[in-house]
2 protein chains.
Amino acid sequence: MEQLKVDPRVVRTRKLILNAFIHLSETKEFKDISVKDVTTEAQINRATFYYHFQDIYDLLEKSLSEVLSVKMPEVTSWNGDTLVALFSAITDFQASLSTRCHRGYEDTIARIIRDQIEVVLVRLLSAEANYLSKETISLLATITSWSLYGASMEWKRTQSLSAEEFIRPILPHLVAIPLIQTQ
Amino acid sequence: MEQLKVDPRVVRTRKLILNAFIHLSETKEFKDISVKDVTTEAQINRATFYYHFQDIYDLLEKSLSEVLSVKMPEVTSWNGDTLVALFSAITDFQASLSTRCHRGYEDTIARIIRDQIEVVLVRLLSAEANYLSKETISLLATITSWSLYGASMEWKRTQSLSAEEFIRPILPHLVAIPLIQTQ
DNA sequence: ATGATTCTGTTGGATATCCAACACTTTTGA
DNA sequence: TCAAAAGTGTTGGATATCCAACAGAATCAT
């Protein structure tokens with residue numbers, strides 16, 4: 001469809017940076033990961049990092065975006081399983097950040113995560129519920145992203161159930177309108 | 001010792017090309033591997049290939065050089081085990097080429113392999129037998145490289161023993177002078 | 001506290017890589 | 001046999017990446 005050619009150098013470099021970041025995230029908390037750490041691990045120049053990303057938060061955002069697009073490939077069907085997969089991807093990502101209650105960071109991270117959830121939701125809703133207006137879809141995505149993010153935080157706090165067991169029971173109450181339409 | 005800084009781009013690119021070549025060598029014979037194949041597999045531009053290598057034979061040569069330097073790291077002791085390791089590396093490499101009796105290629109490949117064996121032998125002999133003149137070492141390396149290459153061809157033809165079983169019995173007859181001096 | 005160290009984000013110039021051509025040779029296939 | 005297709009090796013200009021340097025912010029150590 002839209003195969004806009006990208007310079008192979010940039011796909012290589014972005015992959016190196018993203019992989020380095022993901023790898024580092026398994027080792028230390030986000031707040032302890034510096035741009036220097038990432039570029040050293042990726043074996044690319046620090047200036048090159050800033051050619052691709054605004055700062056470390058931008059990297060976090062695009063990293064999440066990448067994870068979501070990989071874990072939710074070409075899925076256009078709006079159903080419970082899709083939402084469970086999305087929720088699981090979110091909790092996985094937060095677990096990989098392994099950060100808890102760092103004042104000043106939490107807000108930024110939370111906004112980034114919600115924004116990316118919203119992007120996925122808009123995509124899903126646009127593909128499925130084309131009978132809704134753009135504005136309605138946008139608002140639905142917004143409130144649902146807040147809901148899912150809040151649920152992920154609560155899940156992280158309790159840790160009693162698996163992500164799926166945790167979220168599935170309340171799916172019918174989440175974004176009730178489109179679910180009713182398609183089931 | 002000699003940490004001459006090299007641009008990280010060239011180490012990346014060379015590694016990509018070498019790995020692509022080694023990977024392709026496991027799939028098809030050397031004669032069927034084109035420069036295009038390698039660059040496509042490595043995901044680098046064809047022009048970049050010629051920035052690093054003269055042609056596909058140059059790549060073959062440097063690939064063997066790389067393999068030898070990896071399989072025979074910092075070994076300076078001139079003894080039977082070292083020669084067995086060298087011989088095994090040669091037969092492994094030839095097996096990975098999986099080429100047999102292609103007129104016109106054989107000569108070039110044989111010369112490349114012998115040259116690289118010779119390089120290793122000169123290094124080993126220089127480190128061990130410093131009581132010999134440069135000219136003597138050079139000539140010893142030359143005749144030994146021919147011997148080892150010939151042995152590897154014979155081994156490839158018969159295939160009856162392991163590389164080690166094949167070569168170890170005749171080691172004392174190979175390059176007898178330095179072996180006597182050090183044992 | 002304060003000085004030292006480390007990190008950040010940015011810049012200018014050097015260099016490696018990309019890309020699209022080109023002429024030429026080799027291989028393919030009808 | 002011949003024409004089309006694919007590979008080779010090279011070139012010039014565009015672009016991504018490197019590198020060294022910088023000032024300012026943040027962190028660390030005493």
Side-chain angles (χ1 to χ4, degrees), chain A residues 3-21 24-25 27-63 99 101-109 112, chain B residues 3-21 23-25 27-63 66 97 99 102-109 112:
Chain A
Q3 287 293 62
L4 33 80
K5 287 204 188 183
V6 298
D7 194 312
R9 287 175 288 186
V10 327
V11 354
R12 267 206 301 273
T13 301
R14 289 178 61 100
K15 200 178 299 181
L16 283 173
I17 294 176
L18 285 171
N19 286 345
F21 176 66
L24 282 177
S25 294
T27 308
K28 33 179 164 177
E29 305 182 5
F30 175 74
K31 79 170 178 60
D32 293 328
I33 298 176
S34 69
V35 172
K36 193 90 170 37
D37 291 334
V38 174
T39 57
T40 300
E41 171 84 14
Q43 308 214 66
I44 58 106
N45 193 276
R46 203 161 53 85
T48 305
F49 175 91
Y50 291 102
Y51 183 89
H52 291 274
F53 304 94
Q54 196 100 6
D55 51 30
I56 195 85
Y57 295 103
D58 188 33
L59 172 59
L60 176 69
E61 171 181 322
K62 282 162 176 155
S63 170
T99 177
C101 305
H102 295 295
R103 271 155 281 113
Y105 291 91
E106 282 285 301
D107 287 353
T108 306
I109 295 176
I112 289 173
Chain B
Q3 286 293 63
L4 34 81
K5 286 203 189 184
V6 298
D7 194 313
R9 286 173 290 186
V10 326
V11 352
R12 269 207 301 272
T13 301
R14 289 178 60 99
K15 198 178 302 179
L16 283 173
I17 294 177
L18 285 170
N19 286 345
F21 177 67
H23 186 252
L24 282 177
S25 293
T27 309
K28 35 180 163 177
E29 303 182 5
F30 175 75
K31 79 169 179 60
D32 292 328
I33 298 177
S34 69
V35 172
K36 195 85 170 34
D37 291 335
V38 174
T39 58
T40 300
E41 171 83 12
Q43 308 213 65
I44 58 104
N45 194 276
R46 204 162 52 85
T48 305
F49 174 92
Y50 290 103
Y51 183 89
H52 290 275
F53 304 93
Q54 195 103 4
D55 51 31
I56 196 83
Y57 295 104
D58 188 33
L59 172 59
L60 176 69
E61 171 182 324
K62 283 166 176 151
S63 171
E66 168 75 12
L97 288 187
T99 177
H102 296 295
R103 272 153 282 111
Y105 291 92
E106 282 285 302
D107 287 351
T108 305
I109 295 176
I112 289 173

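Bear in mind that the values here come from a model prediction, so they are computed numbers and not experimental data. Residue numbering restarts at 1 for every chain, and letters A, B, ... go by the order of the sequence lines.
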Q: Cut-off 3.5 Å, no hydrogens considered: what does the side-chain donor-acceptor table look like for residues 46-56 of chain B, sequence neighbours left out?
A:
unit_1	atom_1	unit_2	atom_2	d
B/Asp55	OD1	B/Tyr57	N	3.0
B/Asp55	OD1	B/Asp58	N	2.9

Q: Would you sort out whether A/Lys15 and A/Arg12 count as a side-chain contact (heavy atoms from CB on, under 4.5 Å), showing the intermediate values?
A: CA-CA 5 Å; A/Lys15 200 178 299 181; A/Arg12 267 206 301 273; 5.9 Å; no
Q: DNA chain C: A/Ser34 or B/Val10, which has the more 5' nearest nucleotide?
A: A/Ser34
Q: Is there a side-chain contact (heavy atoms from CB on, under 4.5 Å) between B/Val11 and A/Gln43 once you walk through the steps?
A: CA-CA 10 Å; B/Val11 352; A/Gln43 308 214 66; over 6 Å; no
Q: Run the side chain to side chain donor-acceptor pair (under 3.5 Å) test against A/Thr40 and tell me which residues pass, sequence neighbours left out.
A: none
Q: For A/Tyr50 and C/dT10, what is the distance between atoms OH and C1' respectively, to the nearest whole Å?
A: 9 Å
Q: Within this structure, what is the OH-to-C1' distance between A/Tyr57 and C/dG9, rounded to whole angstrom?
A: 14 Å
Q: Rounded to the Å, how far apart are B/Ile56 CD1 and C/dT26 C1'?
A: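 In whole Å, C/dT26 C1' lies 15 Å from B/Ile56 CD1.
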Q: Would you give the length of the straight line joining atom CZ of A/Phe21 to atom OG of A/Ser63, rounded to the nearest 0.5 angstrom?
A: 5.0 Å
Q: Contact list please: residues 40-48 of chain B against DNA chain D, heavy atoms, distance less than 4.0 Å, in numerical order.
A: B/Arg46, B/Ala47
Q: Among residues at least two apart in sequence or on other chains, which ones pass salt bridge (Lys or Arg N to Asp or Glu O under 4.0 Å) with B/Asp32?
A: none
Q: If you look at every strand shown and take non-hydrogen atoms under 4.0 Å, does A/Arg14 touch a base, only sugar-phosphate, or nothing?
A: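 A/Arg14: no heavy atom of the nucleic acid under 4.0 Å.
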Q: How close do B/Asn45 and B/Thr39 get, counting heavy atoms only, and between which atoms?
A: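 In this case the closest contact between B/Asn45 and B/Thr39 is O-CG2, 4.1 Å.
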Q: Apply side chain to side chain donor-acceptor pair (under 3.5 Å) to A/Glu41 and list each qualifying residue two or more places apart in sequence or on a separate chain.
A: A/His23
Q: For B/Arg14, which residues count as a salt bridge (Lys or Arg N to Asp or Glu O under 4.0 Å) partner, sequence neighbours excluded?
A: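 Residues passing salt bridge (Lys or Arg N to Asp or Glu O under 4.0 Å) with B/Arg14: none at all.
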Q: Would you grab the first and last nucleotide of DNA chain D (5' to 3') that comes under 4.0 Å of any non-hydrogen atom in chain A?
A: D/dT15 to D/dA21
Q: Figure out the CZ/P separation between A/Phe53 and C/dT8, and round it to whole Å.
A: 15 Å
Q: How sharply is the helix from C/dA1-D/dT30 to C/dA30-D/dT1 bent, taking the axes over five pairs at either end and rounding to 10 degrees?
A: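 One end axis against the other gives 60°.
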Q: What distance separates A/Leu60 CG from A/Ser25 OG, expressed to the nearest 0.5 Å?
A: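 Output value for this atom pair is 8.0 Å.
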